[in-house]
Every structure is written in structure tokens, then in C-alpha cells.
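Note: hydrogens, waters and symmetry copies are ignored here, and every other heavy atom, side chains too, is used.
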Amino acid sequence: MNHEITRKINAFQPDGTLTEKGYATRMNFIYNRENIKKFPFKLKEWDFYQFHKGRYALQMTIGHLSYIGQGGITLIDLVTGKKWAYNTIKPFFIPTLDRNGELPGFCEYKDKNFLLTYEVTTDKRILKFKASNKVYKDIEMELIVDHDINNDKMVIATPFDKPTQFYLNYKENYYNTKGFVRFTGVKDEDSKEVNFDGATGVIDWGRGVWPYSHEWFWGNLTGHINEVPFAFNIGWGFGDLSNATENFYFYNKKAYKLGTLHTEWDDNDLMKVQHIYDDEGKFDVTFTPFYNNHTENKYVIIDTECNQVFGHFSGSIETEDGRIEFKEILAFVEHAINNW
């Protein structure tokens, strides 16, 4: 169920099918985009970042669905639910995106009074945003993220029922950030500035040709246990997972692979405390939710809905140093249902 790919390979065969299905802890897939058979009409590509500090979460996206480009940032107060955001869509626009998620890397979404860029160097990720609109006289963001190329990562090539459909996904957790985000509103009540020094976060680098209707569950945590870097990534609900799941945890930047997870998700009771665990007893956690970042988007043939539930995780993991316990680390689990 967990087939590991340990060498560099082309992601796609000449016929557009995945060369090999499974997971890696390095970006071992060469994204040979020219072999994808459904481009340009059904390919979806995005680079999404999310960072947490205290009561605030900051999200940013550069991506496209082939027929529409999307970019923007959102700052969320997880206590009050208030949001400061500028997100834009542009029909038949494909922004500048990197080819491999690692080095070298540059992404850009540029439009009138709107510029969002990601730059990846050997040891930093530099994320910048500058914009203005009718609500905000000025929005400025700059995050400088420690980037350790030796980090273990979550990388997976997932097939679907149709041979040329796929999801190539790379997620990496980051344990130290410096920077800020500032919204200067036309009205004073729309102004907000937050210092993100010391924030933790994750990148979700996704490339895929998906079925029009699909759903997923995704959860991610980045933090520390007694100052040791700790993270996990969990996910299910889409594609053929017989070759690998995207369930991992990371302790001191080393990956520990998980198989199937058991959970008690209930869309009718999103604030329900959940127990999440694996069959081997390596991962046993309790999730206590406190805020649902609910979003819906409808645009022509696009119809998406996501319940991104934030809460605190407590539990234990098995490591090379023995059993490690942790308490009340902020993270999220989400359920998305999409037609796009």
C-alpha cells in the first residue's frame, strides 16, 4: 500500500500516464509537463502557502484551472473569525509557476495593482505581496521562510480511474518565519497589521488532471515538541490510494510513513472532538476543534465548498527516540467538495 520511489524519474510517460505511482520523501518526480495529455483544458496547478502564529492564520495562493487564474491572500483571526483578504480571478490566464516546487523557483501573479511573488533560494523562501483596491489603500506582505533542502517532505503521485488523470502533490512544513502582513483600509476598521516572526507553515504544491467532481480530506500541523520540529500531513477521500497514502508525520525533520488512518469526521457536527489513529499504533491523536473557516465559491462552471476546521491536537507518536507525547498544538483538518 505504500510504494516508495527513491530515485529521480519523469512523472509522466509519453502517453500521459504516470511513470510510477507511489510516494517519496524528496521531490523525486521530474514534472515533464509536456507529456500531459489533457493540457491546456483540464490541467490544474497551484502553489498554496499557509502560516500560523498565535490567533492568526495567513493563506496565499497562485494557481489556475487552465481556463481561469486565481491569486490572493487571506488573513484570518481564528478567535473572532474576522478576515482581511484580497483575492482575484482572471479568465483564460495562467500565472507564472515553478516546475518542481524546490530549486530554483519563482512564481508570480501580476495584474493591475496586484503583485504576488514566491522566490525560492538555496536556504530561503521569500513571499511578497503588494496590492490595493476599493477597500484597502495598501496591502503589503513579506515573509522570509527558513528553507532547509534536507527536510523530509510528503510527495505523492496518485492516479484516478482514467489513465491520464493524476494528482502530483508535494507538501513541506516550515518551522521558522520572519515577516509581516499589513492591510491599510480606506476605513480604519478595515486596517490590520500582524507580525509573523516565529510563525510556522506549509506549502501545498499541486499539479493534476482531476475528475470534474471530487472531494478530499486534508489535515496539516506544523509546530514544535520541546523545541524539536514536529509536523504531520494527513489526507484521504480522492484518487486510487492503493499505491500510497499521503499520511506522514515528521519529527526532527525526519519522515515517518503511515498507512490508513481511522477518524470520526462528521459533517453535521464539525466541532466534535475526533480521535485519529493508525493500525500500527505509531500515531494516536485527539483533535479538539474551535473554529470553522467555511468558504464557498461559485463562478460559471466552478462550484466549491470547504470546511477548514482549526483546532488543537494532543497525543503521541512513535519515534527513533521512543514514544513522544505532545499537547495542544494548533492545526487544521478540512473537507472540500468541488466541481471544477
Side-chain angles (χ1 to χ4, degrees), residues 5 11-12 16 18 21-33 35-36 38-51 59-74 87 89 94-102 105-109 116 118 120 125 127 153-160 164-174 201-220 233-241 243-248 295 297 302 304 306 308 332-340:
I5 296 159
F12 310 105
L18 286 169
K21 305 155 190 174
Y23 81 93
T25 59
R26 293 287 183 270
M27 189 53 178
N28 285 336
F29 296 94
I30 299 166
Y31 185 54
N32 54 331
R33 191 176 192 251
N35 282 4
I36 298 172
K38 295 296 184 179
F39 179 77
F41 301 111
K42 293 188 177 181
L43 178 63
K44 303 168 178 61
E45 301 179 308
W46 66 80
D47 284 36
F48 168 83
Y49 286 89
Q50 181 164 288
F51 293 89
Q59 304 170 336
M60 63 204 77
T61 303
I62 297 176
H64 72 88
L65 306 179
S66 293
Y67 47 85
I68 191 167
Q70 192 263 330
I73 72 169
T74 301
N87 293 281
I89 57 175
I94 295 181
T96 301
L97 289 161
D98 63 71
R99 289 298 294 265
N100 65 3
E102 293 189 301
F106 183 76
C107 301
E108 179 184 77
Y109 192 112
L116 176 59
Y118 310 149
V120 182
R125 288 178 180 257
L127 316 176
K153 316 166 197 328
M154 192 296 299
V155 186
I156 190 167
T158 301
F160 292 88
T164 55
Q165 291 182 339
F166 69 93
Y167 182 40
L168 183 61
N169 187 217
Y170 153 57
K171 296 189 177 86
E172 183 174 355
N173 297 86
Y174 304 111
V202 63
I203 183 175
D204 175 11
W205 181 99
R207 307 291 188 265
V209 174
W210 293 43
Y212 173 70
S213 298
H214 57 268
E215 65 179 318
W216 70 65
F217 290 86
W218 175 40
N220 193 276
N233 186 85
I234 58 178
W236 60 90
F238 61 93
D240 176 3
L241 301 180
N243 300 282
T245 71
E246 66 172 79
N247 300 323
F248 286 74
T295 55
N297 293 290
I302 298 172
T304 70
C306 182
Q308 185 187 37
F332 70 90
V333 181
E334 69 180 34
H335 181 204
I337 301 174
N338 302 313
N339 295 285
W340 65 10

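Defined by atom type and a distance below 3.5 Å, a donor-acceptor pair is missing between the side-chain atoms of Thr158 and Asn169. Side-chain contact, Arg125 with Tyr174: a donor N or O sits under 3.5 Å from an acceptor N or O.
Residues satisfying the side-chain hydrogen bond (donor to acceptor under 3.5 Å, both in side chains) test with Asn35, not counting sequence neighbours, are none. With sequence neighbours excluded, the residues satisfying side-chain hydrogen bond (donor to acceptor under 3.5 Å, both in side chains) with Asn339 are Ser213. Legend: residues meeting side-chain hydrogen bond (donor to acceptor under 3.5 Å, both in side chains) with Arg26, ordered by chain and number and at least two apart, are Asp152. Scored by the ring-ring contact (aromatic ring centres under 6.0 Å, His included) test, Tyr23 finds Phe248 as partners (sequence neighbours excluded). Partners of Phe217 by ring-ring contact (aromatic ring centres under 6.0 Å, His included), not counting sequence neighbours, listed by chain and number: Trp236, Trp265, His335. Under the side-chain contact (heavy atoms from CB on, under 4.5 Å) criterion, Ile302 pairs with Leu65, Tyr67, Ile68, Tyr299, Thr304, Trp340, not counting sequence neighbours. Evaluation of the ring-ring contact (aromatic ring centres under 6.0 Å, His included) rule for Phe238 yields Tyr167, Trp210 as partners, not counting sequence neighbours. The side-chain contact (heavy atoms from CB on, under 4.5 Å) test applied to Thr61 returns Phe48, Gln70, not counting sequence neighbours. Shown here are the side-chain hydrogen bond (donor to acceptor under 3.5 Å, both in side chains) partners of Trp216, two or more places apart in sequence or in another chain: Glu334.
Aromatic rings from Tyr118 and Trp205 are positioned such that their centres are separated by 6.0 Å or more.
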Practice prompt. Check step by step if side-chain contact (heavy atoms from CB on, under 4.5 Å) holds for Asn220 and Asn173.
Written response: CA-CA 9 Å; Asn220 193 276; Asn173 297 86; 2.9 Å; yes
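Panel note: side chain Ser66, backbone Leu43; a donor-acceptor pair is recorded below 3.5 Å. For Asn247 (side chain) and Gly235 (main-chain N/O), a donor-acceptor pair under 3.5 Å exists by modelled atom type. Checking side-chain atoms of Asn32 against main-chain N and O of Ala11 turns up a donor-acceptor pair under 3.5 Å. With Arg207 contributing its side chain and Lys44 its backbone, the two residues share no donor-acceptor pair below 3.5 Å. Between the side chain of Asn233 and the main chain of Glu246, a donor-acceptor pair closer than 3.5 Å is present.
Proximity of Tyr49 to Ile73: side-chain heavy atoms (C-beta onward) are nowhere separated by under 4.5 Å.
The distance from the CD atom of Glu45 to the CG atom of Leu168 is 10.0 Å, given to the nearest 0.5 Å. With rounding to the nearest 0.5 angstrom, the CG atom of Leu97 is 11.0 Å from the CZ atom of Phe106. Atoms CZ and CD1, on Phe51 and Ile203 in that order, are 8.5 Å from each other to the nearest 0.5 Å. The CG atom of Asn87 sits 9.0 Å away from atom CD of Gln59, with the distance rounded to the nearest 0.5 Å. Here Leu18 contributes atom CG and Gln165 contributes atom CD; the two are 11.0 Å apart, rounded to the nearest 0.5 Å. Once rounded to the nearest 0.5 Å, the distance linking OG1 of Thr245 with CD1 of Ile156 reads 6.0 Å.
The two residues Lys21 and Ile5 come nearest to each other via the heavy atoms C-CD1, 4.1 Å. The shortest heavy-atom contact between Pro159 and Asn243 is CG-ND2, 4.1 Å. Of all heavy-atom pairs between Gly22 and Phe29, the closest is O-CZ, 4.1 Å. Pairing each heavy atom of Asp47 with each of Cys107, the nearest pair is OD2-SG, 3.4 Å.
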